[in-house]
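Inspection log for the structure reproduced underneath, given as structure tokens.
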There are 2 protein chains.
Amino acid sequence: MTEPRWLNADERRAWLALLSINTLLPAALDNQLHTAGKVSLFDYNVMAMLSESEGRFLPMSELAARTSSSLSRLSHVVAKLEKRGWLERRPHPRDARVTTAHLSDVGMATLEALAPGHVEAVRTKFLDALTEREVNDLARIGEKIVARLDNDHWILRDTERRP
Amino acid sequence: MTEPRWLNADERRAWLALLSINTLLPAALDNQLHTAGKVSLFDYNVMAMLSESEGRFLPMSELAARTSSSLSRLSHVVAKLEKRGWLERRPHPRDARVTTAHLSDVGMATLEALAPGHVEAVRTKFLDALTEREVNDLARIGEKIVARLDNDHWILRDTERRP
DNA sequence: GTGCGTCACTTGAACTCTCAACCACGCTCT
DNA sequence: AGAGCGTGGTTGAGAGTTCAAGTGACGCAC
């Protein structure tokens, strides 16, 4: 067994920063969303992903991919949002294994009401700290990390590659 | 009320990447730690922070600061780790309000057994995706974001400023 | 057309986290 | 000395998350 390569100063800084962001940023945004409406960041994201899709619906597995979540977690959350009347689950007409989640009109209205406050928070808690160049760097670096973690992740789809 | 400023392409890329990293990276590392020993990333971090401190102990509030966690969350986790014999809580000799968490020898040994696999995972899941320059950029950008979220965050302490 | 493996989900139990309430101590002011 | 306030920490309940197991459906092999 060989001695592991410990982190050097920059690697440690990068790792600690990411670790901290990781707990602080969701907490800050969760907080804003929770006081604005009783919604978590994850709830918001689920609805946002649906709202951006053709017909405002997606199969559960696709929705799970777009929220980077497990099917199990998504299933529980969709059940909750369905109870609030913001979503509806329907069986897929062609493939009976598939369930599709549909954003209801009420859900869409809720999302639209929450959206301005949310993007504002994303700006003040995060983007406003950075220059345009840094935002671009972060996007590039972030996507490289995502690619490492999940090479087929949806955010990497059609970023300048396509038949 | 004015129209909110929605995100432009780069802002959106940066935000989505960070959001994805945020769920994928902890999951990946949690996974590694959980199969290596029954430990979460947060558990590991708590013990790592103690191991790096003078005397291997810290007051609960300082430990909470160094793990970016709430006192409440920390309290629950420390109770759990204490039950496993890896930590010990003692009253502070001078200030009876303060509890200090001490890393036990068994805890230290556990940590040392886990460390190589963990740093290896940090490398393969994250750092190896980046060039030296990108690691440096990420450290810089990450610290700016942390500063925006919590201006007194401990990782910003004594980074080239001091009497 | 009958198995048999895989896929798409769902469920319940165990665990974790958050939130609000609480307690005990120390500090300051009078 | 005692009142009142802020600090440091714990606790219990409720919400959320994970994990392992289970349920149908599809689809391919023979």
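Protein chains get the first letters and strands the later ones, always in sequence-line order, with residue 1 at the start of each. Note that the structure is a prediction, hence the values are computed from the model and not measured.
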| Does A:R84 CZ have over 12 foreign heavy atoms under 6.0 Å away? | yes
| field | Counterpart residues, side chain to side chain contact (heavy atoms under 4.5 Å, CB included), relative to A:S104 (two or more places apart) | value | A:V106
| task | Would you jot down, in residue-number order, the residues of residues 74-99 of chain A having a non-hydrogen atom under 4.0 Å from DNA chain C? | result | A:S75, A:H76, A:R89, A:R97, A:V98, A:T99
| A:T67 OG1 to A:N45 CG distance, which is reported to the nearest 0.5 Å | 7.0 Å
| said: Connecting only ILVMFWY residues whose side-chain heavy atoms lie within less than 4.5 Å of each other, what is the rest of A:V98's hydrophobic cluster? | reply: none
| Would B:T99 and B:H92 count as having a side-chain donor-acceptor pair, cut-off 3.5 Å? | no
| request: Walk along DNA chain D from 5' to 3' and tell me the first and last nucleotide with an atom closer than 4.0 Å to a non-hydrogen atom of chain A. | output: D:dG16 to D:dC26
| d(CG, B:D30; C1', C:dT16) in whole Å | 11 Å
| Test item: side-chain donor near acceptor, A:S40 and A:H34, under 3.5 Å | no
| task | For DNA chain D, find the residues of residues 32-46 of chain B with a heavy-atom distance under 4.0 Å and give them by number; none if there aren't any. | result | none
| remark: Distance col, row B:L63:CG vs B:M49:CE, nearest 0.5 angstrom, shows 9.0 Å
| note | Sorted by chain and number, sequence neighbours left out, salt bridge (Lys or Arg N to Asp or Glu O under 4.0 Å) with A:E52 holds for B:R12
| 5' precedence on DNA chain C between B:S72 and A:M60 (nearest-nucleotide basis) | A:M60
| task | Go through A:L25 and A:K125 one step at a time and tell me if the side chain to side chain contact (heavy atoms under 4.5 Å, CB included) criterion holds. | result | CA-CA 7 Å; A:L25 188 53; A:K125 301 293 175 193; 4.1 Å; yes
| Under the 6.0 Å and 45° cation-pi test, does A:R89 pair with A:F57? | no
